[in-house]
Amino acid sequence: MKYKATTALAALAISTSMVFAGGADDDTLAIDGQEMITKTAAPAHMAETGVDTVISGWHFREDDTQSMQADTFDNPGMIAVDQAMDSWNTVEGSAEKSCASCHEGPESMEGVRAVYPKWNEEAGEVRTLAMQINDCRTNQMGADAYKYDSGPMAAMEALIAVQSRGMPVNVAIDGPVAETWEQGKELYYTRTGQLELSCANCHEDNYGNYIRADHLSQGQINGFPTYRLKNAKLNTVHGRFKGCVRDTRAETYAPGSPEFVALELYVASRGNGLSVEGPSVRN
Amino acid sequence: MDFTRRETLALGGAAALTFVLPFRASAAADDAIAEFTGGAALADAGVELTAPEIAENGNTVPIAVSAPGATAVMVLAAGNPTPGVATFNFGPLAASQTASTRMRLAGTQDVIAIAKLADGSFARSAKTVKVTIGGCGG
Amino acid sequence: MASGVKPRVKVPKSASAGDAITIKTLISHPMESGQRKDGDGNPIPRSIINRFTCEFNGQSVIDITLEPAISTNPYFEFEATVPEAGEFAFTWYDDDGSVYNDNKAIAV
């Protein structure tokens, strides 16, 4: 696809040679009146990055898109939350259980989104929320796993995220997860693809600038899963990673791969202190 | 549905043209207007159309119409492959003749609202909406 | 048939007689336009919601004709007069013949 290469190169040229009036705006996000932390001091581990404030992707969107997220009814991502509510109460699998059988109402998930990915002692691994959902489905319910970046998975993640809305992201980066976190950091700064772009090239060096007509954000994931206008559905973190890496013209890692799990942990930690916004609305 | 931006843009057979020159009208849109109005004259006042000057994504463009006293408002997108968007018929319990929705635009073009007013006459309003093309297909 | 179609409606629980209230509706639906092609280049047939109506105690508030240019997950916002206590009836008509309903009672 010659087209994509030229556009992306042209875009890169623009973003480095020309700085548009842009950057994050100064609006305030309140969802149904509840104020969100959308800008805050960068976590200590980002000291050497030159980024002193972490900013939600919400600030990089147009007013119309922003207002769609401010009201839970206007937010089309909330349709998926309703659908997941049905799934939550649906008995599936050989154990004849639903989510509700063990967890009662979804409000029991309050605080969960804010701390994932996190270490699972029993399994001896870093687990994303999606991995934990599938562990419940396969090991507790005897049901089939959701496809990692599928609609039902995104919907269930959205239902769980809503329970923590407004709470600051607070993923641990030390102790048993330290190695995975370092691996994620390494991936964040590794250039990939024929365009030789790393995550940092766009989302650390050039956030606030335009890549053609796209307003580059910091690539924060506190708003995931996110309803994108472009495909009119909820998108998972790994689905978005895949899209970004593909745009560098690289073979991408698979959603759910150890590489993307590590990258998710690292990227999530760059948003420590920002409110959980999922499901957010983005371009 | 996976309606990617690129597909939305491709909806317009002459999508490339839309970036150069916004569609001012199309034969199909003219036909739709004629069918709605029966060929009656169109006044400039009586209907208001709210649409963004620049749409962040052509897939989901918020619009609103307002036509006090109108019985119906038809919305058209002259540069889409088929110009029809929606027709709002207001009933006796409509508290105002206003409505908003979200629509698809295949590229930069004019959005047109035609209102059938209480006295049976018709009014027209139009807005050019620019549809931006992003750099990231992601 | 579009699967998992889910209507959402926002109506205040109560109002004073004669009040104007704002109603919002959203329904999950792909609104397949009929303009797209599948991976093999074959046209994907149109499949949309083509009509939405809102009535209050049998009287029309709004009756909307939808075309393929309405976005995925059709959203509408409009205003209704509430003359007395009663029930709003919302109906969406799918190209495939399916009809989706939702009702909301309002006290005065």
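Proteins come first, then strands; the chains are lettered A, B, ... in the order of their sequence lines, and each starts at number 1.
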Check: With a 4.5 angstrom heavy-atom cut-off, which part of P83(C) approaches chain B: side chain, backbone, both or neither?
Finding: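 P83(C) touches chain B through side-chain heavy atoms alone.
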Margin query: With a 4.5 angstrom heavy-atom cut-off, is it the side chain or the backbone of I44(C) that approaches chain B, or both, or neither?
Written below: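 For I44(C), there is no contact with chain B at all, as no heavy atom is under 4.5 Å.
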Distance-minimising heavy-atom pair for [X] and [Y]:
X      : Y       : answer
M31(C) : R104(B) : O-NH1, 2.8 Å
G84(B) : A69(C)  : O-CB, 3.5 Å
I70(C) : A86(B)  : CD1-CB, 4.0 Å
T60(B) : S71(C)  : CA-OG, 3.6 Å
T65(C) : N89(B)  : OG1-ND2, 4.2 Å
A20(C) : A95(B)  : CB-CB, 3.5 Å

Min side-chain heavy-atom separation [X]-[Y] under 4.5 Å:
X      : Y      : result
F78(C) : T98(B) : no
S60(C) : L93(B) : no
E67(C) : L76(B) : no

Check: Between the main-chain N or O of F76(C) and the side-chain N or O of T101(B), is there a donor-acceptor pair closer than 3.5 Å?
Finding: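 No, T101(B) side chain to F76(C) backbone: no donor-acceptor pair under 3.5 Å.
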Next item on the list: Specify which of S100(B), A94(B), G91(B), A99(B) makes the most heavy-atom pairs with chain C at under 4.5 Å.
Entry: S100(B)
Could you tell me whether [X] atom [atom1] has more than 12 heavy atoms of other residues or ligands within 6.0 Å of it?
X       : atom1 : result
E84(C)  : CD    : yes
D44(B)  : CG    : no
K130(B) : NZ    : no

Checklist line | Contacts of type salt bridge (charged side-chain N to carboxylate O under 4.0 Å, His left out), residue D63(C), not counting sequence neighbours | finding: R51(C)
Next item on the list: Nearest 0.5 Å please: distance from the CD1 atom of I64(C) over to the CZ atom of F88(B).
Entry: 5.0 Å
Check: Taking atom types as modelled and ignoring hydrogens, do the side chains of T72(C) and R102(B) form a donor-acceptor contact shorter than 3.5 angstrom?
Finding: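 T72(C) vs R102(B): no donor-acceptor pair found between side chains.
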